[in-house]
Amino acid sequence: MLFNGSIPENIHFGRKCRHLWKNFLIPGKVLLVCGRHSVPILQAETAALEQECKIVTVSGELPLSEIEAILNSVKNDGFTNIVGWGGGSAMDGAKALAALITAPLPAAEYFYCRAELPKRECRLILIPTTAGTGAEITANAVICDHATNIKQSLRGPGMTADAALVDPELLEAAPEKVTVSAAFDALTQALESFTSARSTALTRSIAATAAALILQNLESAVCHQTPAAFDALARGSMLTGIAFASSGLGAVHGLAHPLGSLLSIPHGKCCAILLLPVLKRNSAADPELFTALAQECGYSSAEALFAEISVLQKKFDIPQNFKKYGLTPADYDFIVKNCRSGSMKCNRKFYSDDDIRELFGELA
Ligand SMILES: [Fe+2]
C-alpha cells in the first residue's frame with residue numbers, strides 16, 4: 001500500500017486559480033464560509049454571480065458553538081454549494097457545515113462521535129489563504145468545544161472537497177505572524193508525516209519535498225515578500241496535506257490539540273513551540289529514521305536539520321516554552337487525558353503519561 005487516504009478529485013495550483021471556483025458550482029444556492037477579513041473579497045467575487053449567495057464568518061480555532069449557530073441559521077435554506085475561503089478555520093468550517101447541513105441531530109452528537117455523519121449531498125470547494133493546515137486537501141475538520149476545552153476532528157464520509165484551489169497570490173496579504181505560524185504548522189505536518197508509523201515510500205517522498213520547500217522559503221517570503229517563495233510555501237503546505245491525508249501525523253499534533261484548546265494557544269504557535277522538544281525525543285528513539293528525514297530534506301544530519309529549525313524559530317521570535325501562556329503542572333492531567341488521538345498513535349515513539357508530564361515540565 002502506497003497511499004491510503006482521500007484527497008480532492010480536483011486540485012488546482014497557481015496564481016489566479018482562485019477564480020476557478022465558480023466553474024465547480026452546481027445549480028442552487030451558494031454558502032461561502034470565511035474569516036471576517038475575507039468578506040469584502042468574497043463580496044467582490046460573488047457580485048456578478050447569478051446564483052443566490054450568503055457569506056458567513058467563523059473565528060480562529062473554530063468553536064463548536066459557531067458551527068451550531070450557523071447551522072441553525074442556514075439548515076433549512078437549501079444550500080447546494082459550500083465554499084470555504086480562508087485559513088484552516090474557514091476551510092474546516094466549510095467542511096463541517098457541508099457534512100452537517102443535512103444531518104438530523106445536533107452538531108455535538110457527531111463531534112463527540114455519538115452518531116455517524118450522513119453522506120454529504122452538497123458541492124464543497126476550498127480555497128486556502130494561508131500556507132499552513134493543508135485543510136483544503138484533508139477529510140476532517142478540527143473543531144474546539146469551548147464548554148469542555150475538547151479540540152478534536154470531525155470526520156465522516158464525504159468531508160473531502162470536490163475541488164481545492166491553491167492560489168499562492170492569496171498568501172501575500174497575510175500579516176507576517178500569520179505566515180510564520182502557518183508555516184510552522186505545515187513544517188510540523190511534513191516532518192510528522194515523514195516519520196509517522198503509517199508513512200509509506202510515497203508519502204515520505206511527498207512530505208520531505210514539502211518540508212524542504214517550507215524550510216528553504218519561509219525567510220524569503222516573510223522578509224523579502226518574494227513571489228516565488230510564497231509559491232513554494234503554498235506548494236509545501238498543499239503537499240503536507242496530501243502526505244498526511246494518508247500517513248497521519250504525530251505527537252506534536254496529538255499534544256497541541258488539548259494544550260492549545262486549554263490555554264487558547266493558536267495551533268501554529270503551539271506546534272512551533274512543541275516541534276523541537278518532541279522531534280529530539282523521537283530522534284533519540286530512532287536515529288536512523290531521523291537521519292533519513294534530514295538527508296531527504298537536504299541536510300547532512302538530524303542535528304543540522306534541528307539547527308536550521310532553531311535558527312528560524314529565533315529569527316521569528318518563537319517562544320522556547322509555554323510560560324507566557326500560563327502552563328502549570330495543574331494542566332498536565334487534562335493534556336494527558338485528552339492527547340490519545342490518532343495523531344498520537346502515529347508517533348513511532350510511545351509517550352507514557354509520565355513521559356508527557358516530563359516533557360511539559362521542561363516547557364512550563
Ligand atoms: Fe496542524
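Side chains are part of it too, since the values below use all heavy atoms of this structure and drop only hydrogens, waters and symmetry mates.
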Interatomic distance, [X] atom [atom1] to [Y] atom [atom2] [nearest 0.5 angstrom]:
X	Y	atom1	atom2	answer
Leu202	Ser246	CG	OG	7.5 Å
Cys271	Leu255	SG	CG	10.0 Å
Leu293	Leu305	CG	CG	5.5 Å
Ser283	Glu288	OG	CD	11.5 Å
Thr46	Ile41	OG1	CD1	11.5 Å
Leu42	His37	CG	NE2	13.5 Å

Once side-chain hydrogen bond (donor to acceptor under 3.5 Å, both in side chains) is applied, what residue pairs with a partner in [range] remain, sequence neighbours excluded?
range	answer
residues 292-310	Ser310-Lys314
residues 256-274	Asp185-His267, His253-His267
residues 235-244	Gln189-Thr240
residues 71-87	none

Could you pull out the closest heavy-atom pair between [X] and [Y], with the gap in Å?
X	Y	value
Ala90	Val58	CA-CG2, 3.7 Å
Gly254	Ser343	N-CB, 3.7 Å
Leu218	Ala183	CD1-CB, 3.5 Å
Leu105	Ala115	CD1-CB, 3.6 Å

Single-linkage hydrophobic cluster [X]~[Y], side-chain heavy atoms < 4.5 angstrom:
X	Y	result
Val336	Leu262	yes
Leu31	Trp21	no
Ile265	Met344	yes
Leu213	Val180	no
Leu126	Leu100	yes

Residue among Lys29, Arg123, Glu52 satisfying side-chain contact (heavy atoms from CB on, under 4.5 Å) with Phe79: Lys29

Can you name the residues that form a side chain to side chain contact (heavy atoms under 4.5 Å, CB included) with [X], not counting sequence neighbours?
X	value
Asp167	Arg15, Cys17, Arg18, Glu169, Leu170
Ala44	none
Ala99	Leu117, Met159
Asn140	Thr138, Val142, Ser153, Arg155

Is it true that Asp353 and Lys337 have a side-chain N and a carboxylate O under 4.0 angstrom from each other? no

All side chain to side chain donor-acceptor pair (under 3.5 Å) counterparts of Lys54, not counting sequence neighbours: none

Could you work out, with side chain to side chain donor-acceptor pair (under 3.5 Å) as the rule, every residue matching Thr209, not counting sequence neighbours? none

Test of understanding: with ring-ring contact (aromatic ring centres under 6.0 Å, His included), list the residues that count as partners of Tyr332, not counting sequence neighbours. none

Glu358 atom CD, over 12 foreign heavy atoms within 6.0 Å: yes

Taking atom CD of Glu172 as the centre, does the number of heavy atoms from other residues, nucleotides or ligands within less than 6.0 Å exceed 12? yes

Between [X] and [Y], is there a donor-acceptor pair closer than 3.5 Å when you use the side chain of the first and the backbone of the second?
X	Y	value
Gln51	Gly28	yes
Glu61	Pro266	no
Glu136	Leu165	no

Taking it one step at a time, do Ile125 and Leu25 satisfy side chain to side chain contact (heavy atoms under 4.5 Å, CB included)? CA-CA 8 Å; Ile125 302 159; Leu25 295 176; 3.8 Å; yes

Donor on one side chain, acceptor on other, [X] and [Y], under 3.5 Å:
X	Y	result
Asp355	Ser352	yes
Thr203	Ser193	no
Arg204	Ser199	yes

Working note: Leu187 + Leu275, criterion side chain to side chain contact (heavy atoms under 4.5 Å, CB included); need CA distance, chi angles, decisive distance, verdict. CA-CA 9 Å; Leu187 176 63; Leu275 182 57; 4.2 Å; yes

Full working for side chain to side chain contact (heavy atoms under 4.5 Å, CB included) between Phe24 and Val83: CA-CA 10 Å; Phe24 290 97; Val83 179; over 6 Å; no

Determine, step by step, whether Ser6 and Thr160 satisfy the side chain to side chain donor-acceptor pair (under 3.5 Å) criterion, reporting the C-alpha distance in whole Å, the side-chain angles of both residues, the deciding distance to 0.1 Å, and the verdict. CA-CA 7 Å; Ser6 171; Thr160 310; 2.5 Å; yes

Passes side chain to side chain contact (heavy atoms under 4.5 Å, CB included), Thr195 versus Asp286? Steps please. CA-CA 10 Å; Thr195 53; Asp286 195 341; over 6 Å; no

Sort and list the pairs that fulfil ring pair (Phe, Tyr, Trp, His ring centres under 6.0 Å) and have at least one residue in residues 183-239, not counting sequence neighbours. none

